[in-house]
Amino acid sequence: MRVDDILAYNERFTQQTHLSSIGHAPRRNLAVVTCMDCRLVQMFEQALGLERGDVLELRTAGATISEPERPGAASDLIRSLAGGIYLLGVREVVVVGHTQCGLAHANPAALVAAMQALGVDPQQLIEQQKLVDIQGLVRWLGAFNDVHVNVREVVNVIRNSPYLPKLPVHGLVIDINTGKLEVVERAA
Ligand SMILES: [Zn+2]
């Protein structure tokens, strides 16, 4: 199992490394929302100049809130931001989508095939969860066509959430190959 490699590495890490003890409130009073993409691991923090203790990092597939979760802000991302803001002093939010995102242009046929291959019946799921059709399944997953549009939409959902106070929410897109940031939406 892959987890054994992690555990073996961790054994050495904890013997060789002494972490300084720091508080759980982010030093920069900032929450950063981004994608789960494996190419962002390490590169993301380096490109943004983020150190341990600086910010809250929230990751969701596609840095998005899927369509069914937007009404009523019934999203785990909104819940996490609320915790960050009310309990940990976050006062600014940055949403960072990225180029070549796996959730952009997700192929419904490939999704269905992958589910079936792993023993999940898409049709049964669609009926159980009242998703109507394959497109409903794709919407549940949060797939989108345009990363810039998605970032703007997520920024607006956060800005308009009744659970959250008015604070600056910005939208950026990071180039997955170069790490270069592009401003899509900037709060006043
Ligand atoms: Zn992505």
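Remember, it's 1-based here, ligands and their atoms both numbered in the order they're listed. Side chains are part of it too, since the values below use all heavy atoms of this structure and drop only hydrogens, waters and symmetry mates.
- Protein N/O/S atoms closer than 2.8 Å to the Zn ion (ligand 1): C35 SG, H98 NE2, C101 SG.
- One finds the NE2 atom of H105 at 8.5 Å from the CZ atom of F144 (value rounded to the nearest 0.5 Å).
- For Q42, the CD atom sits in a loose shell: 12 or fewer heavy atoms of surrounding residues, nucleotides or ligands are nearer than 6.0 Å.
- A salt bridge does not link D5 with R2: every distance from a Lys NZ or Arg NE/NH1/NH2 to an Asp or Glu carboxylate oxygen is 4.0 Å or more.
- Atom CG in D54 sits 10.5 Å away from atom CG in N29 (nearest 0.5 Å).
- By the neighbour-count criterion of 12 heavy atoms within 6.0 Å, atom CZ of R186 is sparsely surrounded, having that number or fewer from other residues, nucleotides or ligands.
- Within a 6.0 Å radius of CD in E51, other residues, nucleotides and ligands contribute 12 heavy atoms or fewer.
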